[in-house]
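Whatever order the structure lists ligands and atoms in, that order sets their numbers, starting from 1.
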Amino acid sequence: MIIVMKPNAPETAVKSVQEAVESKGLETHLSQGKQVTIIGIVGDKNKICNENLQLMPYVDKLVPITESYKLTNKKFHPEPTRVKVGNHVIGPDTLTVMAGPCAVETEDQLMLIAKEVKKAGAQFVRGGAYKPRTSPYSFQGLEEEGLKYMAEAKKEYGLNTICEVINEAAIEASAKYVDMLQIGARNMQNFHLLKEAGKSGMPVLLKRGLAATIDEWLNAAEYIISEGNPNVVLCERGIRTYETATRNTLDLSAVCVVKEKSHLPIIVDPSHATGVYSYVSPLAKASVACGADGLMIEVHNDPEHALSDGPQSLRFSTFNTLMQEMADYIRLAGRTL
Ligand code: PEP
Ligand code: MN
């Protein structure tokens, strides 16, 4: 449930309502908009008396929230959330571009790719150090050594860094070297991992599960935020359908749905969504046009010899062209890089 306060309710009135709710053992979350203040309530609502709350000074109305996710819900927090990562803010004013290899392969490879994506305008370098591969015989990542190269790329090129984490040890190691944690599609409902990422306090990029509904995805985000970590960004990366022409089916409507239901930023990953490099640029532009807050794009210096996801990786020249062609889309969306 949320309590909507009357416009310009004084701080003391808001505080009194919060205290009345908290005295019954429930949690309150404040969202202060330009006009109205909203008090979100989490917990067993049977413990409070709606009639009494309704009578308190400056209370406008009590609105039940039927969705199971609360802290993620736009009704709880009508203003779009801005997530600060390193020297950058992910949110409605910017177009965030995270680019880099699927996996960190060598120091030279990562440094070269970081240099090129920076030059093209990306604000983040991405690269997996822990790779959750479909086959146990595929390259599994350099682990901590890979994280060290990410830290080096940050230092050398001033890029923000993001790496996928697959367990608690990876979270602990990543916290030492990178700016943002990624929870991959395969772990979207690994609730223990979600809670640990929440406890880390680090910004988290939460990818949509392989066959997850938007509702399940927002509930997964709720696990992170309910640990006291509001710094969550969502990433649409395609879902399983009957179509086989692409690796997954990019669900761009998810961007519109998420914007309506949640205050969290959402970015799109057209690389994993399609699995085909030639589809990445048009879908990146479409993502910006339909309101996405950013993009995650795989870029490789030598896609033919990439240790993973070569077929969907852009060469430097293609990525650079895409970044130039996207400038108009970014401007029309009212954003800046
Ligand atoms: C990735 O971004 O490296 C990745 C494995 O993506 P996903 O979890 O979306 O498959
Ligand atoms: Mn990949």
Side-chain angles (χ1 to χ4, degrees), residues 96-105 109-110 113 117 122 124-136 138-143 146-147 149-150 160-167 170 174 178-190 193-194 197 203-212 214 216-217 220-221 224 232-241 246-252 254-255 266-277 279-280 283-284 287 292 294-315 319:
T96 301
V97 180
M98 303 177 176
C102 180
V104 181
E105 297 171 6
Q109 172 243 22
L110 185 70
I113 296 174
V117 300
F124 280 70
V125 62
R126 62 143 284 150
Y130 302 86
K131 295 302 301 174
R133 304 301 301 283
T134 301
S135 163
S138 301
F139 177 58
Q140 304 284 310
L142 297 180
E143 304 194 343
L147 295 175
Y149 302 154
M150 291 296 279
N160 301 298
T161 49
I162 177 164
C163 270
E164 178 168 357
V165 291
I166 52 168
N167 54 29
S174 300
V178 299
D179 300 306
M180 187 171 198
L181 307 178
Q182 175 175 323
I183 294 194
R186 288 154 195 80
N187 275 312
M188 190 208 82
Q189 281 190 317
N190 180 340
L193 186 68
L194 296 172
V204 180
L205 182 73
L206 177 63
K207 289 193 143 194
R208 183 176 182 182
L210 303 170
I214 293 172
E216 288 164 340
W217 189 16
I224 302 171
V232 178
V233 177
L234 301 167
C235 179
E236 161 62 38
R237 45 78 71 206
I239 47 173
R240 279 278 165 92
T241 68
T246 47
R247 185 175 174 180
N248 294 289
T249 297
L250 178 58
D251 180 12
L252 273 188
V255 175
I266 174 169
I267 71 166
V268 174
D269 172 351
S271 306
H272 290 91
T274 60
V276 182
Y277 80 90
Y279 306 153
V280 169
L283 291 171
S287 303
L295 293 160
M296 173 169 265
I297 295 174
E298 286 188 341
V299 176
H300 200 282
N301 53 310
D302 183 9
E304 285 87 350
H305 297 101
L307 294 184
S308 57
D309 287 350
Q312 68 195 35
S313 300
L314 299 190
R315 294 176 199 285
F319 179 63

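A donor-acceptor distance shorter than 3.5 angstrom exists from the side chain of Q140 to the backbone of S138, with no hydrogens or angles considered. At least one donor-acceptor pair closer than 3.5 Å links the side chain of W217 to the backbone N or O of L206.
Between L210 and R186, some side-chain heavy-atom pair lies under the 4.5 Å cut-off. Under the 4.5 Å side-chain criterion, counting only non-hydrogen atoms from C-beta, D309 is not in contact with S271. Here the side chains of L205 and M296 are in contact, with some heavy-atom distance below 4.5 Å. Side-chain contact between R315 and P303 is present, with heavy atoms from C-beta onward closer than 4.5 Å.
The set of protein atoms (N, O or S) found at less than 2.8 Å from the Mn ion (ligand 2) reads C102 SG, H272 NE2, E298 OE2, D309 OD2, by chain and number.
Here's the thing with A185: one of its N/O atoms is less than 3.5 angstrom from an N/O atom of ligand 1. Considering backbone and side-chain N/O of Q182, one or more are found under 3.5 Å from N/O of ligand 1.
Few gaps surround OH on Y130; more than 12 heavy atoms of other groups in view lie less than 6.0 Å from it. When the shell of 6.0 Å around OH of Y279 is examined, it contains 12 or fewer heavy atoms from other residues, nucleotides or ligands.
For ligand 1, the atoms lying closer than 4.0 Å to a non-hydrogen atom of R237 are 7 (P), 9 (O), 10 (O). Numbered from 1 in the order shown, with element, the atoms of ligand 1 that lie under 4.0 Å from a heavy atom of G184 read 8 (O).
When each of E298, E236, R237, R247 is checked for a side-chain hydrogen bond (donor to acceptor under 3.5 Å, both in side chains) with H272, only E298 meets the rule. For the side-chain hydrogen bond (donor to acceptor under 3.5 Å, both in side chains) test with R208, the passing option among N248, D269, D251 is D251; the others fail.
Protein heavy atom closest to atom 4 (C) of ligand 1, with residue, atom name and distance, is H272 NE2, 3.5 Å. Given atom 5 (C) of ligand 1, the protein heavy atom at minimum distance is E164 OE1, 3.6 Å. The closest protein non-hydrogen atom to atom 6 (O) of ligand 1 is K207 NZ, 2.9 Å. Counting only heavy atoms of the protein, atom 2 (O) of ligand 1 lies nearest to R126 NH1, 2.7 Å.
Look at R208 and you'll find every heavy atom at least 4.0 Å from all atoms of ligand 1.
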